[in-house]
Amino acid sequence: MAIQTPHHELEQGDVNLPDTGRPVVRSTKGVISSGHYLTSMAGMRMLLNGGNAFDALVAAGFAAAVIEPIASYSLAAEGVFMLHDAASGETLSLSGQGVAPGKATAEFYKSQGLDRIPTGPGNKAHLSFTVPGIVEAFISMLERYGSMTIDEVLAPAIDYAENGIPHYEYMLERLKSANTPIQFDNYPPGGWDVFFDNRQVPKPGSILVQPGLANTLKAMASAAVAGDRVAGLQAARDVFYKGSVAKTIVESSAKVGGILSMDDLANYKSQFGEPVSTTFAGHEILGHDSWSQGPMLQQSLNMLEHFDLKAMGHNSPEYIHTVTEVFKLVFGDREGYYGDPDYAEVPIDGLLSKEYAAERVGLVDPEGAYPEQQAPGDPWKYSNGVSNSTKAAAGVGAVLSNGGSANGASDDSSHEGTTHVSVLDDQGNMVCGTISGGAFAKSVFFPELGCCLSTRIEMFNCEEGHPNVVEPGKRPRTTLINYIAHKDGVPVMTIGCPGGDNQAQANVQLVLNTLIFGMDPQQAIEAPRFASQSVVNSFFPHTYLPGKLDLEPGIPESTADALRARGHMIGRAANCGLGATVSVRDPQTGHLSTGGDPRRACYAMGL
């Protein structure tokens, strides 16, 4: 007699496995995703206690400085944010990118015998110290949009630093890097006594206590003013940028030869600004201006809408080739024209015009890969600004000759220092932040401060007249980026993915995964990615790998072979951007969803 089990549900297991390794996290009250489960929990504690998305983002950001110091970023570093405030209806960019110190000029570096600003591993890392921006941005966000006090949002971070957290595998793997011990010894005592156990990598689960960082955080928390939230925030800012913490930063910098001053810190301000945007697949995609590499995404989408990407098939050889060739064109423009618009005239309207994209897309060869970094185009033809294209194009050549080395080596250290946090709440607020800087192998760890200083000014060049030439008070053209998408004028999605020069490329793929291929947040995050390395790397020593295209392991070898046949030099990379997040809000139902990237210790939570 036949056994009719197919007609019955089996309690011991499912018939089919899920499409993704992790579930989509869904809620109507609030969701958060970050680079670590304890970081997410710090933000979730704010939501549970009645805080909003901005409170949660800041609490998570402070906590990440404790939980992810090697995997992500330092308290004395930087971050960039896209946010939507439901009460005012504002969608804004917030730059917490630190700036060049007052003594940082092209002439100064050339007088030191340097064509580019160096970082570690090496004994000149102190010359790249950057004015910290993240704390000012956090406090400005809380002043304008938050509801909680400075001591409330700092409480989880202080707890983690003072009482300790368990060492975890992702961090420990990075402590095994050969460059971290070298850099600690270049600037002793480094972080040996904090992060290592008798100069040995600790075991997973052993407790990491960070007394120096705890003291720095407590100095800010102690500035809280009972009954006056804003006064407490202002006092905490003064502690960090004018008071005891500022003095520790400047004295620490000076003792190793750094050029930071008290005036540099006291004069720093984060900047709210209007986003730049384009339209794609029925959405408006908003992001940061040319002080970041953010407009690369909008430029790429403007060209990619000329192709039937869905018909090509997701991650097919034709698809990967087409998207990669567009990236190469946009990298050329990034190298030629991007820079802080407060200091350089940038033809952003031309760069983002649909007409310029239509002209540039004609350079994509459907069958052949361009073998090197593309030259910039001429967006001034489509701009209302004054043409400066000759000067910009000359700057590109200078960057290549002074920076890139086509030695086939990868610049893995450039990807050690970034994380991403995204929070949506039930009030309609949305905020995401990409926070970074102060990698152990590139900077100097100061035990008295409890962290490293940012070295982000390494992204400047020393070519007079170039939009990204180093100047006092100027923001380097940062790799840090993120985005908010609108549908019919309403914000519906945040997008972000750490990964150095891979960031813009990964974010484009997240947008395409979602808007063209209809993936949910977790599917969009987990889908295999690819990244062109055919550009001078933004990070010192500015490695240049012409023609190289990295593929993640999930892309089959048959696809790799087809791409080789088109002229790509294929490399296999463990990741092409890691820590990605897509968070979505349905404005009709209030349904919120997000995901966590399994490429690292990311974790998403719902309230």
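Between the side chains of Glu136 and Ser270, at least one donor-acceptor pair of N or O atoms lies under 3.5 Å. Looking at Arg475 and Ser292, their side chains never bring a donor and an acceptor atom within 3.5 Å of each other. Counting only N and O atoms by type, the side chains of Ser538 and Asp501 include a donor and acceptor under 3.5 Å apart. Inspection of the Glu162 and Asn215 side chains reveals no N or O donor paired with an N or O acceptor under 3.5 Å. Looking only at atom types and distance, the side chain of Gln200 has no donor-acceptor partner in the side chain of Asp197 under 3.5 Å away.
To the nearest 0.5 Å, the span separating CD on Gln271 from OG on Ser93 amounts to 9.0 Å. Note that NZ of Lys442 and CD of Glu458 are 4.0 Å apart. Values are rounded to the nearest 0.5 Å. Atoms CZ and CG, from Arg529 and Leu510 in turn, are 5.5 Å apart once rounded to the nearest 0.5 Å. Taken to the nearest 0.5 Å, the CG atom of Leu127 stands 9.0 Å off from the CG atom of Asn123. With rounding to the nearest 0.5 Å, the separation of CD1 in Ile435 from CD in Glu78 is 10.5 Å. The CG atom of Leu75 lies 10.5 Å from the CG atom of Leu453; values are rounded to the nearest 0.5 Å.
Here the side chain of His420 pairs no donor or acceptor atom with the backbone of Ser34 at under 3.5 angstrom. With hydrogens and angles disregarded, no donor-acceptor distance shorter than 3.5 Å links the side chain of Gln373 to the backbone of Phe331. At least one donor-acceptor pair closer than 3.5 Å links the side chain of Asn507 to the backbone N or O of Gln503. In this structure, the side chain of Ser534 engages the main chain of Gly547 through a donor-acceptor pair within 3.5 Å. Under the 3.5 Å distance criterion, the side-chain polar atoms of Thr130 are matched with a main-chain donor or acceptor of Ser128. Between the side chain of Ser111 and the backbone N or O of Phe108, at least one donor-acceptor pair lies under 3.5 Å. Side chain of Asp597 to backbone of Leu578: no donor-acceptor contact under 3.5 angstrom is found. In terms of modelled atom types and a separation under 3.5 Å, the side chain of Gln210 and the main chain of Cys451 share no donor-acceptor contact. Under the 3.5 Å distance criterion, the side-chain polar atoms of Thr581 are left unmatched by any main-chain donor or acceptor of Ser33. Remark: side-chain polar atoms of Tyr241 are paired, donor with acceptor, to backbone N or O of Pro132 under 3.5 angstrom.
Dense packing is recorded around CG of Asn163, with more than 12 heavy atoms of other residues, nucleotides or ligands lying under 6.0 Å away. Heavy atoms from other residues, nucleotides or ligands lying under 6.0 Å from NZ of Lys255 number more than 12. Crowding of Asp193 atom CG: a count of heavy atoms from other residues, nucleotides or ligands under 6.0 Å not exceeding 12. Within 6.0 Å of CE on Met605 lie more than 12 heavy atoms contributed by other residues, nucleotides or ligands. Atom NZ of Lys247 sits in a sparse spot, with 12 or fewer heavy atoms from other residues, nucleotides or ligands closer than 6.0 Å.
When all heavy atoms are compared, the tightest approach of Gly122 to Gln183 is N-OE1, 2.9 Å. Residues Ser290 and Arg477 share a closest heavy-atom pair of O-CG, 4.0 Å. Closest approach of Met171 and Ile67 over heavy atoms only: CE-O, 3.1 Å. The two residues Ala65 and Ser74 have their closest heavy-atom pair at CB-C, 4.4 Å. Summarising the geometry of Pro598 relative to Ile525, their closest heavy-atom pair is CD-CG2, 4.4 Å, with the distance given to 0.1 Å. Residues Gly596 and Ala604 come closest through the heavy atom pair N-CB, 4.1 Å.
A heavy-atom distance below 4.5 Å is not found between the side chains of Phe240 and Phe138. Within the 4.5 Å cutoff, the side chain of Ser443 has no heavy atoms near those of the Thr119 side chain. For the pair Leu175/Pro202, a side-chain contact is recorded, criterion being any heavy-atom separation below 4.5 Å from C-beta on. Looking only at side-chain heavy atoms (C-beta outward), Asp342 and Trp291 stay at 4.5 Å or farther from each other. Considering only heavy atoms from C-beta on, Pro295 comes within 4.5 Å of Tyr338 through its side chain. Residues Ile158 and Phe62 are not in side-chain contact: their nearest non-hydrogen atoms beyond the backbone lie 4.5 Å or more apart. Proximity of Glu448 to Glu251: side-chain heavy atoms (C-beta onward) are nowhere separated by under 4.5 Å. Gln97 has its side chain out of reach of His288: every pair of non-hydrogen atoms, C-beta onward, lies at least 4.5 Å apart.
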So Gln533 and Asn502, side chain to side chain donor-acceptor pair (under 3.5 Å) or not? Walk me through it. CA-CA 8 Å; Gln533 305 304 321; Asn502 293 346; 3.1 Å; yes

Carefully, step by step, assess Ile32 and Leu57 under the rule side chain to side chain contact (heavy atoms under 4.5 Å, CB included). CA-CA 8 Å; Ile32 181 170; Leu57 185 286; over 6 Å; no

Assess the residue pair Ile165 and Leu38 against the criterion (side chain to side chain contact (heavy atoms under 4.5 Å, CB included)); give the C-alpha distance rounded to whole Å, side-chain angles, the decisive distance to 0.1 Å, and a yes or no. CA-CA 9 Å; Ile165 62 167; Leu38 293 180; 4.0 Å; yes

Phe445 and Tyr187: ring-ring contact (aromatic ring centres under 6.0 Å, His included), yes or no, with the steps? CA-CA 8 Å; Phe445 183 85; Tyr187 293 90; over 10 Å; no

Passes side chain to side chain contact (heavy atoms under 4.5 Å, CB included), Leu265 versus Val250? Steps please. CA-CA 9 Å; Leu265 272 76; Val250 171; 4.2 Å; yes

Set out, in order, the CA-CA distance, both residues' side-chain angles and the distance that settles side chain to side chain contact (heavy atoms under 4.5 Å, CB included) for Thr180 and Arg174, then state yes or no. CA-CA 8 Å; Thr180 293; Arg174 276 139 192 83; over 6 Å; no

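Aromatic ring pairs are classed by plane angle as parallel below 30°, tilted from 30° to 60° and perpendicular above 60°; the pair Phe446 and Phe129 is perpendicular. In this pair, His542 and Phe540 present their aromatic rings perpendicular. The plane angle is above 60°, beyond the 30 to 60° band. Ring geometry for Phe184 versus Phe196: interplanar angle over 60°, hence perpendicular rather than tilted (30 to 60°).
You'll find the ring centres of Tyr109 and Phe460 outside the 6.0 Å limit. In this structure, His36 has its ring center at least 6.0 angstrom away from the ring center of Tyr170.
Electrostatic pairing of Glu464 and Lys110 does not count as a salt bridge here, judged by no charged N lying under 4.0 Å from a carboxylate O.
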